[in-house]
Amino acid sequence: MSDIVASAPGKFIVLGEHAVVYGKPAVALAVDRRFTCRVRRSSRPNVNGRPFERGVHLHLDTIIGRNSCPPVSLETESEIPSGSGLGSSAAMSSAFSAAVRALCGRELDEREIAVDAFEAEYAAQGRASPMDASASTHGGGVVVNGPRGDRPLWSISKNSNTWDVSETDVPEMTFVVGYTGIKAPTGPQVEKVRKYRAKSRFAAEILDEIGQTALEGIGALDCNDVEGLGRLMTHDHKLLSILGVSCKELNKLVNAAERHSYGAKLTGSGGGGSMVALTDDPEAVCKAIALRGGQPFVVRTGEEGVRVSEILQ
Ligand code: PMV
């Protein structure tokens with residue numbers, strides 16, 4: 001008997017959240033906070049000692065179904081707060097997929113793991129992009145529907161959308177994340193945007209502009225243009241606010257960080273969760289965020305994607 005341990009990193013979205021759900025460009029960087037899954041075969045399927053419930057453990061259920069997986073016992077450990085906008089559910093899904101695949105002796109194909117994690121997110125959120133799943137699985141820097149010339153990783157299609165995912169160099173830039181402490185699940189935020197877009201051309205135009213901003217940001221990242229990227233991040237925050245996915249706590253932290261940054265914005269689905277600032281004065285940004293009641297941390301980028309090990313009992 002052996003246990004399989006797999007872990008995957010969280011991420012933050014530099015530009016393009018929400019619009020990426022509709023196939024627009026976006027870019028994300030994996031960070032040095034990981035989600036770990038430890039699985040073993042068990043006649044009584046459970047999650048951290050509690051019975052496995054299909055309706056509760058939607059992400060896991062999707063992955064179990066896709067892999068005709070035998071009953072397992074799962075223990076989890078996370079350095080990523082859930083609902084913090086840092087991709088904890090994608091990291092969990094990617095790590096769990098890799099762990100059950102290894103348990104069944106199947107090939108550890110990165111694309112297959114990313115698709116498992118994407119389908120799990122889609123089922124749990126009602127709608128999703130493969131951005132978080134790809135960033136957690138591959139690690140480093142990931143661009144979705146970027147300009148030609150990127151290093152392609154994989155393409156994923158669902159309904160009428162196709163997402164071409166590629167790898168990008170991790171920039172030598174310093175980012176500070178500020179967590180509001182407010183847990184904000186992704187599903188309701190994604191649904192809010194879907195409803196707004198369905199009834200308003202204005203919302204669709206804002207999503208287009210977020211995509212255009214991300215495309216410009218990918219160019220700024222490529223040529224290490226910190227000032228340009230910062231300006232685009234702040235602009236993106238305004239667009240996301242107009243879309244209705246920011247909140248007063250996020251705005252407070254973004255405003256406080258901006259004074260010491262090239263730019264700042266909410267990251268992830270919003271409504272709470274976290275913001276991110278691009279700066280060369282991380283200490284001042286951390287102080288400003290903490291003063292306004294946020295939990296700051298300097299993120300280390302360039303984090304490795306999903307990794308698996310086997311522990312013999
Ligand atoms: O809040 P997070 O970390 O789950 O990020 C969600 C990103 C969205 O673009 C809002 C949704 C998605 O699936 O891409």
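Below, all heavy atoms of this structure are taken into account, side chains as well, without hydrogens, waters or symmetry copies.
Inter-residue side-chain proximity for F175 and V31 is flagged as unmet; no heavy-atom pair is nearer than 4.5 Å. The shortest distance between side-chain heavy atoms of L108 and V308 falls below 4.5 Å.
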Give the table of side-chain donor-acceptor pairs shorter than 3.5 Å for residues 277-287, with sequence neighbours excluded, one pair per line with atom names and distance.
residue: T279; atom: OG1; partner: H260; partner atom: O; Å: 2.7
residue: T279; atom: OG1; partner: D281; partner atom: N; Å: 2.8
residue: D280; atom: OD2; partner: Y262; partner atom: OH; Å: 2.5
residue: D281; atom: OD1; partner: A284; partner atom: N; Å: 3.3

Enumerate, atom names and distances included, each donor-acceptor pair closer than 3.5 Å involving a side-chain atom of residues 79-92, sequence neighbours excluded.
residue: E79; atom: OE1; partner: R34; partner atom: N; Å: 2.7
residue: S82; atom: OG; partner: K183; partner atom: NZ; Å: 3.1
residue: S84; atom: OG; partner: P81; partner atom: O; Å: 2.7
residue: S89; atom: OG; partner: E121; partner atom: OE2; Å: 2.6

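With hydrogens and angles disregarded, no donor-acceptor distance shorter than 3.5 Å links the side chain of R101 to the backbone of N67. Judged by distance alone, the side chain of D164 and the main-chain N or O of N145 form no donor-acceptor pair under 3.5 Å. Remark: the backbone N or O of H57 is not paired with any side-chain donor or acceptor of D61 at under 3.5 angstrom. Between the side chain of Q189 and the main chain of S269, a donor-acceptor pair closer than 3.5 Å is present.
Contact between S241 and S246 at its shortest, heavy atoms only, is OG-CB, 3.7 Å. Scanning all heavy atoms of the two residues, the minimum distance from A135 to A30 falls at O-CB, 4.0 Å. Across every non-hydrogen atom of F118 and A128, the tightest pair is CE1-O, 3.5 Å. In this structure, G217 and L15 approach most closely via the heavy-atom pair CA-CD1, 3.5 Å. Among all heavy-atom pairs drawn from L60 and L74, the shortest one is CD1-CD2, 3.6 Å. Across all their heavy atoms, S157 and T162 have their closest contact at OG-OG1, 2.9 Å.
Residue K11 forms a side-chain contact (heavy atoms from CB on, under 4.5 Å) with just one option from T267, D132, L29, V299, and that option is D132. Only one option out of V27, N224, T301 pairs with P171 in a side-chain contact (heavy atoms from CB on, under 4.5 Å); it is N224. Under the side-chain hydrogen bond (donor to acceptor under 3.5 Å, both in side chains) test applied with K265, the options E17, H235, H237 reduce to a single match, E17.
Every residue two or more places apart in sequence or in another chain was checked for a side-chain hydrogen bond (donor to acceptor under 3.5 Å, both in side chains) with D225, and none qualifies. Residues passing the side-chain hydrogen bond (donor to acceptor under 3.5 Å, both in side chains) test with D208, sequence neighbours excluded: K24. Considering only residues two or more places apart in sequence or on other chains, T62 meets the side-chain contact (heavy atoms from CB on, under 4.5 Å) condition with R66, E119, A120, A123. With sequence neighbours excluded, no residue forms a salt bridge (charged side-chain N to carboxylate O under 4.0 Å, His left out) with R44.
Between the CD atom in E107 and the CD1 atom in I113 there is a gap of 9.5 Å [rounded to 0.5 Å]. The distance from atom CZ of R41 to atom CD1 of I4, rounded to the nearest 0.5 Å, is 9.5 Å. We find the CZ-SG distance between F96 and C69 to be 5.5 Å, quoted to the nearest 0.5 Å. Note that OG of S78 is 5.0 Å distant from CZ of F35, once rounded to the nearest 0.5 Å. Atom CD1 of residue I218 and atom CG of residue L229 lie 10.5 Å apart, to the nearest 0.5 angstrom. Taking NZ from K238 and CD from E209, the interatomic distance works out to 11.0 Å, rounded to the nearest 0.5 Å.
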* To do: Given side chain to side chain donor-acceptor pair (under 3.5 Å), test N48 with T76 step by step and report yes or no.
  => CA-CA 7 Å; N48 295 323; T76 66; 2.9 Å; yes

* Asked: Should T213 and D236 be marked as a side chain to side chain donor-acceptor pair (under 3.5 Å) after you check the CA-CA gap, both sets of side-chain angles, and the distance that decides it?
  -> CA-CA 7 Å; T213 305; D236 192 36; 5.2 Å; no

* **Trace of the side chain to side chain contact (heavy atoms under 4.5 Å, CB included) decision for T234 with V254** => CA-CA 9 Å; T234 303; V254 166; 5.9 Å; no

* Under the side chain to side chain contact (heavy atoms under 4.5 Å, CB included) criterion, do T137 and R111 qualify, and how do the steps go? -> CA-CA 8 Å; T137 304; R111 181 183 184 277; over 6 Å; no

* To do: Could you check L215 against Q212 for side chain to side chain contact (heavy atoms under 4.5 Å, CB included), going step by step and ending with a plain yes or no?
  => CA-CA 5 Å; L215 205 54; Q212 191 51 42; 4.2 Å; yes

* Report the C-alpha separation of I64 and F52 in whole Å, then their side-chain angles, then the decisive distance to 0.1 Å, and conclude whether the side chain to side chain contact (heavy atoms under 4.5 Å, CB included) test is met. => CA-CA 11 Å; I64 288 169; F52 171 76; 3.9 Å; yes

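Within 6.0 Å of CZ in R50 there are 12 or fewer heavy atoms belonging to other residues, nucleotides or ligands. Within 6.0 Å of the CZ atom in R300, the count of heavy atoms belonging to other residues, nucleotides or ligands does not exceed 12. In this structure, E227 places its CD atom where only 12 or fewer heavy-atom neighbours from other residues, nucleotides or ligands lie under 6.0 Å away.
Hydrophobic clustering, with ILVMFWY side chains joined whenever heavy atoms are under 4.5 angstrom apart, keeps V245 apart from I13. Taking hydrophobic clusters as Ile, Leu, Val, Met, Phe, Trp and Tyr residues chained together by side-chain heavy-atom distances below 4.5 Å, L253 does not share a cluster with F12. If you chain together hydrophobic residues whose side chains sit under 4.5 Å apart, I289 and L250 fall into the same group. Tracing side-chain contacts under 4.5 Å through hydrophobic residues (I, L, V, M, F, W, Y), one reaches V226 starting from L221; they form part of the same cluster. In this structure, V100 is a member of the same hydrophobic cluster as V47, with clusters built from ILVMFWY side-chain heavy atoms closer than 4.5 Å.
Ring orientation note: the planes of W154 and H138 are nearly perpendicular, at an angle over 60° on the 30°/60° scale.
A salt bridge does not link R33 with E303: every distance from a Lys NZ or Arg NE/NH1/NH2 to an Asp or Glu carboxylate oxygen is 4.0 Å or more. By the 4.0 Å N-to-carboxylate-O rule, R194 lies close enough to E191 to be salt-bridged with it.
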